[in-house]
> 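Submitted below is the structure of interest, expressed as C-alpha cells.
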Amino acid sequence: MGKEKPAEGKFVASVKVGPKGQIIVPKEVRDMFHIQPGDMLLMLADMEQGIAIQTFDTTDEMFEKLFPAKK
C-alpha cells in the first residue's frame with residue numbers, strides 16, 4: 001500500500017498527548033484553518049462519535065443550526 005496524498009482540503013495525522021494532556025495541532029492544519037498562537041478552539045466530545053475540534057469563527061453557524069431563532 002503506497003503513500004496516498006489526501007484529497008484537497010483534507011488532512012490525516014496522528015497526534016500525541018503530552019504529559020500535561022496537551023496535543024499539538026499539526027502545522028498543515030494550522031495553515032489550513034489560519035490558526036494562530038493564542039486563538040481559541042472549541043472542543044466537542046461525544047462518547048459514541050468521538051472528538052471534534054473547530055475554530056470559534058464557525059460557531060455562529062453551528063449555534064444557529066442547533067438553536068434556530070424563532071420567527
Side-chain angles (χ1 to χ4, degrees):
M1 184 175 186
K3 274 188 155 182
E4 295 179 30
K5 186 175 180 182
E8 182 71 29
K10 309 283 184 187
F11 182 79
V12 176
S14 60
V15 295
K16 185 176 182 180
V17 178
K20 293 183 179 182
Q22 298 170 322
I23 62 168
I24 301 296
V25 178
K27 181 181 183 330
E28 294 87 351
V29 174
R30 295 192 314 267
D31 291 347
M32 186 185 301
F33 290 97
H34 309 288
I35 298 170
Q36 301 295 317
D39 285 354
M40 296 292 291
L41 302 175
L42 178 65
M43 178 176 281
L44 307 167
D46 180 276
M47 289 294 290
E48 293 179 12
Q49 297 182 43
I51 296 171
I53 300 173
Q54 69 181 67
T55 57
F56 261 94
D57 62 350
T58 60
T59 57
D60 287 343
E61 183 180 332
M62 179 185 68
F63 285 123
E64 277 298 316
K65 288 179 182 177
L66 290 172
F67 307 107
K70 292 183 181 180
K71 294 183 180 185

> Mind checking whether I53 and V25 have side chains closer than 4.5 Å, heavy atoms only?
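No. Closest side-chain heavy atoms not under 4.5 Å.
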> Just jot down the salt bridge (charged side-chain N to carboxylate O under 4.0 Å, His left out) partners of K16, sequence neighbours excluded, or say none.
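Testing K16 for salt bridge (charged side-chain N to carboxylate O under 4.0 Å, His left out), a comparison that skips the adjacent residues, returns none.
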> Measuring from E8:CD to M32:CE, what's the distance to the nearest 0.5 Å?
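Output value for this atom pair is 8.0 Å.
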> Considering all heavy atoms of both residues, which atom of F56 and which atom of M40 are nearest to each other, and what is their separation?
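Distance-wise, the nearest heavy atoms are CD1-O, 3.2 Å.
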> Between D39 and Q36, which heavy-atom pair has the shortest distance, and what is it?
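Shortest heavy-atom separation between D39 and Q36 comes out as OD2-N, 2.7 Å.
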> What heavy-atom pair brings R30 and I24 nearest, and what distance separates the two atoms?
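Smallest interatomic distance, heavy atoms only, reads NH1-CG2, 4.4 Å.
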> Looking at every heavy atom in both F33 and T55, which two are closest together, and how far apart are they?
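Scanning both residues, the minimum pair turns out to be CB-CG2, 4.3 Å.
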> Would you indicate whether L41, at its atom CG, is surrounded by more than 12 heavy atoms from other residues, nucleotides or ligands within a distance under 6.0 Å?
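Yes.
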